[in-house]
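Values below: every heavy atom of this structure, side chains too, minus hydrogens, waters and symmetry copies.
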Amino acid sequence: MESPLPLLLILPLTLTSCAGVADFLLHKEITPEVQQAGSKSDSWFTYMPHRAPGFCLRTRRAIIWKDPKLNLGYWRGYHPTPPHRIVVEARGHTLILHRRYVWDGNSVGPTHLPDLLPSLRHDILYHALKEGAPISRQAIDQAYRDDCKRYGADFNNLHYGTLRMFGGIFNSLGQHNTLIIRKITPNTPPAPLEPNRFDDPYDDLSYTPPDA
(Lines give C-alpha, C1' and ligand atoms only; values in the text may rest on other atoms or scores of the structure.)
Protein backbone atom coordinates (compact mmCIF):
# COMPACT_ATOMS: atom_id res chain seq x y z
CA MET A 1 0.00 0.00 0.00
CA GLU A 2 1.38 3.40 -1.00
CA SER A 3 2.15 5.73 1.88
CA PRO A 4 -0.19 8.75 2.15
CA LEU A 5 2.71 10.90 3.42
CA PRO A 6 3.55 12.57 0.06
CA LEU A 7 -0.08 13.56 -0.37
CA LEU A 8 -0.23 14.93 3.17
CA LEU A 9 2.85 17.03 2.45
CA ILE A 10 1.66 18.31 -0.92
CA LEU A 11 -1.94 19.14 0.03
CA PRO A 12 -1.21 21.94 2.55
CA LEU A 13 1.26 23.55 0.14
CA THR A 14 -1.30 23.41 -2.63
CA LEU A 15 -4.04 24.93 -0.48
CA THR A 16 -1.90 27.75 0.86
CA SER A 17 -0.19 28.72 -2.39
CA CYS A 18 -3.16 28.65 -4.76
CA ALA A 19 -5.62 31.32 -3.68
CA GLY A 20 -6.97 31.31 -7.21
CA VAL A 21 -8.08 27.69 -6.82
CA ALA A 22 -10.11 28.58 -3.71
CA ASP A 23 -11.64 31.52 -5.55
CA PHE A 24 -12.56 29.19 -8.42
CA LEU A 25 -14.20 26.66 -6.11
CA LEU A 26 -16.18 29.41 -4.38
CA HIS A 27 -17.12 30.96 -7.73
CA LYS A 28 -15.59 34.26 -6.60
CA GLU A 29 -15.47 36.99 -9.21
CA ILE A 30 -15.16 40.75 -9.24
CA THR A 31 -17.63 41.50 -12.02
CA PRO A 32 -16.75 43.75 -14.98
CA GLU A 33 -19.11 46.53 -13.84
CA VAL A 34 -17.32 46.68 -10.48
CA GLN A 35 -13.92 46.72 -12.18
CA GLN A 36 -15.05 49.53 -14.46
CA ALA A 37 -16.55 51.58 -11.63
CA GLY A 38 -13.40 51.16 -9.55
CA SER A 39 -11.23 52.49 -12.38
CA LYS A 40 -12.92 55.92 -12.39
CA SER A 41 -10.91 58.73 -10.84
CA ASP A 42 -13.78 59.88 -8.60
CA SER A 43 -14.81 56.41 -7.38
CA TRP A 44 -15.00 55.75 -3.63
CA PHE A 45 -13.10 52.48 -4.16
CA THR A 46 -10.43 51.20 -6.50
CA TYR A 47 -9.90 47.84 -8.23
CA MET A 48 -6.28 46.70 -8.00
CA PRO A 49 -5.69 42.97 -8.58
CA HIS A 50 -2.06 43.63 -9.57
CA ARG A 51 -1.26 45.07 -6.11
CA ALA A 52 -3.22 42.76 -3.81
CA PRO A 53 -4.13 39.45 -5.47
CA GLY A 54 -7.16 37.93 -3.78
CA PHE A 55 -7.95 41.19 -1.95
CA CYS A 56 -8.34 43.49 -4.89
CA LEU A 57 -10.72 46.23 -3.70
CA ARG A 58 -9.63 49.21 -1.61
CA THR A 59 -11.49 52.18 -0.19
CA ARG A 60 -10.43 55.65 -1.35
CA ARG A 61 -12.31 57.58 1.33
CA ALA A 62 -13.71 57.02 4.81
CA ILE A 63 -17.01 55.14 5.06
CA ILE A 64 -19.37 55.84 7.99
CA TRP A 65 -22.32 53.63 8.93
CA LYS A 66 -24.91 54.72 11.51
CA ASP A 67 -27.04 51.77 12.52
CA PRO A 68 -29.48 52.06 15.46
CA LYS A 69 -29.96 48.27 15.40
CA LEU A 70 -26.27 47.49 15.94
CA ASN A 71 -24.43 48.52 19.11
CA LEU A 72 -20.71 47.92 18.59
CA GLY A 73 -19.39 49.36 21.83
CA TYR A 74 -16.35 51.66 21.81
CA TRP A 75 -13.01 50.55 20.36
CA ARG A 76 -10.47 51.22 17.64
CA GLY A 77 -8.60 48.94 15.28
CA TYR A 78 -5.04 49.91 14.37
CA HIS A 79 -2.80 48.64 11.59
CA PRO A 80 -0.31 46.21 13.22
CA THR A 81 2.84 47.78 11.74
CA PRO A 82 4.20 51.32 12.26
CA PRO A 83 2.94 53.99 12.05
CA HIS A 84 -0.06 52.02 13.39
CA ARG A 85 -2.60 54.11 11.54
CA ILE A 86 -6.24 53.80 12.58
CA VAL A 87 -8.16 51.43 10.34
CA VAL A 88 -11.58 51.36 11.96
CA GLU A 89 -13.38 52.94 14.91
CA ALA A 90 -16.57 51.83 16.66
CA ARG A 91 -18.58 54.41 18.59
CA GLY A 92 -21.77 52.80 19.83
CA HIS A 93 -24.14 52.66 16.87
CA THR A 94 -21.61 54.25 14.50
CA LEU A 95 -18.85 52.46 12.60
CA ILE A 96 -16.12 54.55 10.97
CA LEU A 97 -13.91 52.82 8.42
CA HIS A 98 -10.87 54.88 7.51
CA ARG A 99 -9.49 55.17 4.00
CA ARG A 100 -7.30 52.48 2.37
CA TYR A 101 -9.05 49.37 3.67
CA VAL A 102 -8.57 46.36 1.40
CA TRP A 103 -11.22 43.67 1.00
CA ASP A 104 -12.25 40.99 -1.49
CA GLY A 105 -15.96 41.55 -2.03
CA ASN A 106 -18.30 38.61 -1.51
CA SER A 107 -16.78 35.51 0.06
CA VAL A 108 -18.80 33.28 -2.27
CA GLY A 109 -20.00 34.03 -5.78
CA PRO A 110 -19.63 37.14 -7.94
CA THR A 111 -19.41 40.64 -6.50
CA HIS A 112 -21.77 43.13 -8.14
CA LEU A 113 -22.06 46.84 -7.39
CA PRO A 114 -24.88 46.40 -4.81
CA ASP A 115 -22.66 43.89 -2.96
CA LEU A 116 -19.84 46.33 -2.26
CA LEU A 117 -21.03 48.11 0.89
CA PRO A 118 -22.63 45.00 2.48
CA SER A 119 -19.48 42.94 1.91
CA LEU A 120 -17.27 45.80 3.09
CA ARG A 121 -18.98 46.29 6.45
CA HIS A 122 -19.24 42.53 6.96
CA ASP A 123 -15.54 42.05 6.19
CA ILE A 124 -14.25 44.76 8.51
CA LEU A 125 -16.48 43.62 11.38
CA TYR A 126 -15.43 39.99 10.94
CA HIS A 127 -11.83 41.20 10.74
CA ALA A 128 -12.21 43.09 14.02
CA LEU A 129 -14.03 40.15 15.65
CA LYS A 130 -11.19 37.84 14.67
CA GLU A 131 -8.72 40.10 16.46
CA GLY A 132 -10.75 40.41 19.66
CA ALA A 133 -13.25 43.22 19.17
CA PRO A 134 -16.24 42.85 21.55
CA ILE A 135 -18.85 42.11 18.87
CA SER A 136 -21.33 39.28 18.38
CA ARG A 137 -20.95 37.30 15.13
CA GLN A 138 -24.71 36.85 15.03
CA ALA A 139 -25.18 40.62 15.20
CA ILE A 140 -22.65 41.07 12.37
CA ASP A 141 -24.45 38.54 10.17
CA GLN A 142 -27.82 40.14 10.86
CA ALA A 143 -26.39 43.53 9.94
CA TYR A 144 -25.10 42.02 6.69
CA ARG A 145 -28.56 40.70 5.88
CA ASP A 146 -30.01 44.17 6.55
CA ASP A 147 -27.34 45.79 4.36
CA CYS A 148 -28.13 43.45 1.48
CA LYS A 149 -31.78 44.46 1.66
CA ARG A 150 -30.90 48.16 1.98
CA TYR A 151 -28.53 48.25 -1.00
CA GLY A 152 -30.40 45.79 -3.21
CA ALA A 153 -27.87 42.96 -3.07
CA ASP A 154 -29.00 39.41 -3.81
CA PHE A 155 -29.63 37.54 -0.56
CA ASN A 156 -31.86 34.67 0.58
CA ASN A 157 -32.48 32.39 3.55
CA LEU A 158 -30.10 29.72 2.21
CA HIS A 159 -27.34 32.30 1.90
CA TYR A 160 -27.96 33.47 5.46
CA GLY A 161 -28.08 29.90 6.81
CA THR A 162 -24.76 29.10 5.15
CA LEU A 163 -23.25 32.27 6.56
CA ARG A 164 -24.41 31.44 10.08
CA MET A 165 -23.18 27.84 9.83
CA PHE A 166 -19.76 28.34 8.23
CA GLY A 167 -18.89 32.03 8.68
CA GLY A 168 -17.06 31.47 11.95
CA ILE A 169 -14.98 28.65 10.46
CA PHE A 170 -13.86 30.74 7.48
CA ASN A 171 -13.14 33.70 9.74
CA SER A 172 -10.78 31.64 11.89
CA LEU A 173 -8.60 30.76 8.92
CA GLY A 174 -5.81 32.86 7.46
CA GLN A 175 -3.54 35.37 9.13
CA HIS A 176 -4.01 36.60 12.67
CA ASN A 177 -2.60 39.68 14.39
CA THR A 178 -3.54 41.85 11.41
CA LEU A 179 -5.40 44.43 13.51
CA ILE A 180 -4.71 45.82 16.98
CA ILE A 181 -7.93 46.35 18.93
CA ARG A 182 -7.90 48.95 21.71
CA LYS A 183 -10.86 49.98 23.83
CA ILE A 184 -11.92 53.62 24.00
CA THR A 185 -14.75 55.36 25.89
CA PRO A 186 -17.67 57.50 24.77
CA ASN A 187 -15.65 60.50 25.96
CA THR A 188 -12.74 59.67 23.66
CA PRO A 189 -12.80 62.18 20.79
CA PRO A 190 -13.30 60.60 17.34
CA ALA A 191 -10.06 60.01 15.47
CA PRO A 192 -9.42 62.57 12.70
CA LEU A 193 -10.12 61.27 9.23
CA GLU A 194 -7.32 61.07 6.73
CA PRO A 195 -7.78 63.59 3.89
CA ASN A 196 -9.21 62.10 0.70
CA ARG A 197 -6.66 61.43 -2.01
CA PHE A 198 -7.81 59.63 -5.12
CA ASP A 199 -4.40 59.58 -6.77
CA ASP A 200 -2.21 58.05 -4.05
CA PRO A 201 -0.42 54.73 -4.57
CA TYR A 202 -1.58 51.60 -2.76
CA ASP A 203 1.42 51.49 -0.44
CA ASP A 204 1.40 55.17 0.56
CA LEU A 205 1.74 55.29 4.35
CA SER A 206 2.79 58.93 4.59
CA TYR A 207 -0.21 59.99 6.67
CA THR A 208 0.09 59.33 10.39
CA PRO A 209 -2.91 59.98 12.67
CA PRO A 210 -2.05 62.50 15.41
CA ASP A 211 -2.75 60.00 18.20
CA ALA A 212 -0.98 57.00 16.63
Side-chain angles (χ1 to χ4, degrees), residues 19-20 22-24 26-67 72 76-91 94-128 143-144 146-155 174-175 178-180 189-212:
D23 288 351
F24 175 78
L26 296 174
H27 303 288
K28 286 177 63 67
E29 176 196 3
I30 304 298
T31 55
E33 70 266 24
V34 173
Q35 297 181 33
Q36 183 177 9
S39 66
K40 296 179 179 179
S41 60
D42 60 347
S43 173
W44 65 269
F45 71 96
T46 188
Y47 174 67
M48 46 167 210
H50 57 293
R51 298 305 300 267
F55 295 89
C56 52
L57 299 168
R58 185 189 64 146
T59 59
R60 284 178 167 174
R61 60 174 174 82
I63 309 292
I64 300 175
W65 290 270
K66 294 184 178 181
D67 189 345
L72 298 166
R76 285 177 182 162
Y78 294 81
H79 196 278
T81 58
H84 300 296
R85 62 184 178 85
I86 296 175
V87 177
V88 61
E89 181 170 0
R91 304 188 62 84
T94 300
L95 181 71
I96 304 169
L97 179 61
H98 288 241
R99 192 170 70 83
R100 290 183 288 169
Y101 186 74
V102 179
W103 87 111
D104 64 344
N106 286 342
S107 298
V108 179
T111 298
H112 299 281
L113 287 172
D115 298 312
L116 291 175
L117 286 172
S119 67
L120 175 58
R121 183 161 76 148
H122 193 256
D123 272 22
I124 183 56
L125 287 177
Y126 258 46
H127 187 178
Y144 175 65
D146 292 342
D147 279 348
C148 288
K149 294 178 181 178
R150 180 179 301 115
Y151 297 111
D154 185 27
F155 193 80
Q175 284 187 308
T178 57
L179 201 64
I180 300 172
L193 297 178
E194 182 177 352
N196 289 337
R197 280 185 57 196
F198 296 102
D199 60 340
D200 63 324
Y202 166 68
D203 54 355
D204 172 33
L205 295 177
S206 60
Y207 178 80
T208 306
D211 60 342

>> If you compare all heavy atoms of I180 against all heavy atoms of P80, which two are closest, and at what distance to 0.1 Å?
In response: CD1-CA, 3.8 Å

> Heavy-atom distance under 4.5 Å between the side chains of I96 and V88, does that happen here?
Replying inline: no

>> On a heavy-atom basis, which atom in R61 and which in R99 lie closest, and how many Å separate them?
In response: N-CG, 3.4 Å

> Can you tell if the side chain of L120 reaches within under 4.5 Å of the side chain of T59, non-hydrogen atoms only?
Replying inline: yes

> Any sub-3.5 Å donor-acceptor pair from S119's side-chain atoms to D115's backbone N or O?
Replying inline: yes

> Given M48 and V102, is the side chain to side chain contact (heavy atoms under 4.5 Å, CB included) satisfied, shown in steps?
Replying inline: CA-CA 10 Å; M48 46 167 210; V102 179; 3.8 Å; yes

> What distance separates E194 CD from I86 CD1, expressed to the nearest 0.5 Å?
Replying inline: 10.5 Å

> CG of L117 to SG of C148: how many Å apart, nearest 0.5 Å?
Replying inline: 10.5 Å

> With a 4.5 Å limit on heavy-atom distance, are the side chains of L125 and L95 in contact?
Replying inline: yes

> Do L116 and W44 have side chains that get closer than 4.5 Å, going by heavy atoms?
Replying inline: yes

> Hey, what's the ring geometry for H122 with Y144, parallel, tilted or perpendicular (30° and 60° as the breaks)?
Replying inline: tilted

>> Has H84 got a side-chain atom pairing as donor or acceptor with H79's backbone, closer than 3.5 angstrom?
In response: yes

> Can you list the steps and then say if Y78 with L179 is a side chain to side chain contact (heavy atoms under 4.5 Å, CB included)?
Replying inline: CA-CA 6 Å; Y78 294 81; L179 201 64; over 6 Å; no

> Is W103 close to R58 at the side-chain level, that is, under 4.5 Å between some pair of heavy atoms?
Replying inline: no

>> Using a 6.0 Å cut-off, check whether atom CD of Q36 has over 12 heavy atoms from anything other than its own residue.
In response: no

> Minimum heavy-atom separation for D67 to A143, with atom names?
Replying inline: OD2-CB, 4.4 Å

> Is it true that a side-chain atom of H112 and a backbone atom of P114 form a donor plus acceptor pair closer than 3.5 Å?
Replying inline: no

> Which pair of non-hydrogen atoms, one from G105 and one from D123, has the smallest distance, and what is that distance?
Replying inline: O-OD2, 4.0 Å

> So, the side chain of T111 versus the backbone of I30: is there a donor-acceptor pair under 3.5 Å, distance only?
Replying inline: no

> Does the distance from a Lys or Arg side-chain N to an Asp or Glu carboxylate O, for D147 and R150, drop under 4.0 Å?
Replying inline: yes

> Does a side-chain heavy-atom distance below 4.5 Å link V87 with H98?
Replying inline: no

> Can a salt bridge be assigned to the pair D42 and R60 using a cut-off of 4.0 Å between side-chain N and carboxylate O?
Replying inline: no

>> Among residues at least two apart in sequence or on other chains, which ones pass salt bridge (Lys or Arg N to Asp or Glu O under 4.0 Å) with R91?
In response: E89

> Are V34 and F45 side-chain neighbours, meaning at least one heavy-atom pair lies under 4.5 Å?
Replying inline: yes

> If we only count heavy atoms from C-beta on, is the S39 to Y47 side-chain gap below 4.5 Å?
Replying inline: no

> Going by atom types alone, do T94 and W65 pair a side-chain donor with an acceptor below 3.5 Å?
Replying inline: no

>> Has K28 got a side-chain atom pairing as donor or acceptor with P110's backbone, closer than 3.5 angstrom?
In response: no

